[in-house]
Amino acid sequence: MKKKVRSMAAFMLACAIIIGAPAVPAQAKSKGYAFSWNGVSVGMHDKAKKFISKAGRPVAKKVKKSCAYKGKDRIYKYKDFILYTYSKTDKGEEYVNGITFLNGNVSTEEKIRIGSPLADVAKKYKNGKEKFGIYTFKKAKSKLQIEVTDGKVTNIRYIGTK
């Protein structure tokens, strides 16, 4: 049951990310929240190519025509996280549009991971809004959402915004 709920939540997040994607990809490095993996840091709307090459082979990959623009949406599922990308044209450059953590093996740049106590989140992030246990923090063209249940982080996701 828990896996079905998580799968459904991931699907709904992917749809929200795709619909919220900008029509024109950003040209400069993001000043919003960033995620680091294997020595490469990537922000929302940054070019995804270098990050994807460092992340290695995904466990699964889905490609579909975008409902928000003329390009393709791609979902790369890795062991520890899911990467969402978009492109402006069918064969165009990919840009990062979201990242969802799957377990506590990865963390934010501020060292928050699934399983971290809410008190640690409160120390690292300020001025967030809480609704139904989901704390949302905004920075430039990105959002960081941290879901908390029973005082512990249960989900973390980065989302690109307009």
Side-chain angles (χ1 to χ4, degrees), residues 1-22 26 29-46 48 50-62 64 68 73-86 94-162:
M1 179 69 172
K2 226 177 190 182
K3 281 189 177 190
K4 279 187 178 183
V5 170
R6 273 208 182 201
S7 294
M8 195 164 208
F11 175 75
M12 290 180 355
L13 174 65
C15 290
I17 287 170
I18 291 163
I19 291 168
K29 237 0 196 160
S30 168
K31 293 184 181 183
Y33 290 106
F35 173 68
S36 295
W37 179 255
N38 283 346
V40 177
S41 182
V42 69
M44 300 302 99
H45 309 296
D46 286 351
K50 186 175 180 182
F51 184 81
I52 290 168
S53 70
K54 286 286 191 172
R57 187 180 184 142
V59 174
K61 178 181 174 183
K62 290 183 185 178
K64 61 182 178 175
D73 296 322
R74 292 171 182 85
I75 302 171
Y76 297 86
K77 183 177 181 183
Y78 295 93
K79 182 180 139 231
D80 299 320
F81 60 92
I82 299 170
L83 171 68
Y84 302 90
T85 69
Y86 65 93
E94 287 181 70
Y95 296 86
V96 176
N97 203 31
I99 296 170
T100 300
F101 290 14
L102 296 175
N103 54 48
N105 294 336
V106 290
S107 69
T108 66
E109 289 189 337
E110 295 78 16
K111 305 299 181 220
I112 300 297
R113 64 185 66 241
I114 292 176
S116 293
L118 176 57
D120 288 357
V121 174
K123 286 179 196 171
K124 300 288 182 172
Y125 300 102
K126 306 292 182 211
N127 302 321
K129 297 196 187 278
E130 185 271 338
K131 189 171 185 177
F132 304 114
I134 299 173
Y135 295 80
T136 302
F137 307 91
K138 295 180 182 181
K139 186 175 180 184
K141 292 185 177 185
S142 67
K143 281 192 227 178
L144 174 63
Q145 290 187 326
I146 300 175
E147 188 173 342
V148 177
T149 305
D150 297 328
K152 297 276 186 192
V153 173
T154 55
N155 199 350
I156 299 174
R157 57 192 157 258
Y158 295 90
I159 302 169
T161 60
K162 292 183 179 185

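Within the structure, ring pair (Phe, Tyr, Trp, His ring centres under 6.0 Å) pairs that include any residue of residues 126-156 comprise Tyr125-Phe137 (at least two apart or interchain).
Side chains of Val96 and Leu83 form a contact here, defined as non-hydrogen atoms less than 4.5 Å apart. Between Val153 and Val121 the shortest side-chain heavy-atom distance falls below 4.5 Å. Side-chain contact check for Phe101 versus Thr108: some heavy-atom pair is nearer than 4.5 Å. Residues Arg74 and Lys64 form no side-chain contact, since every pair of their non-hydrogen atoms from C-beta on lies 4.5 Å or further apart. By the 4.5 Å heavy-atom criterion applied to side chains, Thr100 and Gln145 are not counted as neighbours. In this structure the side chain of Ile146 never reaches within 4.5 angstrom of the side chain of Leu118, judged on heavy atoms. Residues Ile82 and Ile75 meet the side-chain proximity criterion, which asks for heavy atoms closer than 4.5 Å.
Atom NZ of Lys129 and atom NZ of Lys143 lie 11.5 Å apart (nearest 0.5 Å). For the atom pair Ile99 CD1 and Asp80 CG, the distance stands at 12.5 Å (nearest 0.5 Å). Separation of atoms CE (Met44) and CG (Asn97) is listed at 7.5 Å; rounding is to 0.5 Å. Atom-to-atom distance recorded for Tyr84:OH and Asp73:CG is 11.5 Å, nearest 0.5 angstrom. Atom-to-atom distance recorded for Lys141:NZ and Lys162:NZ is 10.5 Å, nearest 0.5 angstrom. A distance of 13.0 Å separates OG1 in Thr136 from CG in Asn127, rounded to the nearest 0.5 Å.
Shortest non-hydrogen contact noted between Lys138 and Tyr33 is C-CE1, 3.9 Å. Of all non-hydrogen atoms in Leu102 and Tyr78, the two that sit nearest each other are CD1-O, 3.3 Å. Of all non-hydrogen atoms in Thr161 and Ser142, the two that sit nearest each other are OG1-N, 3.3 Å.
Heavy atoms from other residues, nucleotides or ligands lying under 6.0 Å from NZ of Lys126 number more than 12. Residue Asn38 qualifies as enclosed at atom CG: its count of foreign heavy atoms under 6.0 Å is above 12.
Ring-plane geometry between Tyr86 and His45 is classed as perpendicular, the angle between the planes exceeding 60 degrees on a 0 to 90 degree scale with a lower cut at 30. The aromatic rings of Phe81 and Phe35 sit perpendicular, their planes meeting at an angle over 60°, well past the 30° parallel limit.
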- [ ] Kindly determine whether Val106 and Trp37 satisfy side chain to side chain contact (heavy atoms under 4.5 Å, CB included), including the steps that lead there.
- [x] CA-CA 8 Å; Val106 290; Trp37 179 255; 3.2 Å; yes

TODO: Show your working on side chain to side chain contact (heavy atoms under 4.5 Å, CB included) between Thr154 and Val148 and close with a plain yes or no.
DONE: CA-CA 5 Å; Thr154 55; Val148 177; 5.8 Å; no

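Checked against side chain to side chain contact (heavy atoms under 4.5 Å, CB included), Ala34 has the following partners two or more places apart in sequence or in another chain: Ser41, Glu109. Scanning for side chain to side chain contact (heavy atoms under 4.5 Å, CB included) contacts around Lys79 gives Asn105, with sequence neighbours left out. Residues that satisfy the side chain to side chain donor-acceptor pair (under 3.5 Å) test with Glu94, not counting sequence neighbours, are Tyr76, Thr85. Partners of Asp120 according to the side chain to side chain contact (heavy atoms under 4.5 Å, CB included) rule, which considers only residues two or more places apart in sequence or in another chain, are Ile112, Pro117, Lys123.
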Sequence neighbours left out, cut at 3.5 Å: what donor-acceptor pairs do the side chains of residues 50-62 make with other protein atoms?
| unit_1 | atom_1 | unit_2 | atom_2 | d |
| --- | --- | --- | --- | --- |
| Ser53 | OG | Lys50 | O | 2.8 |

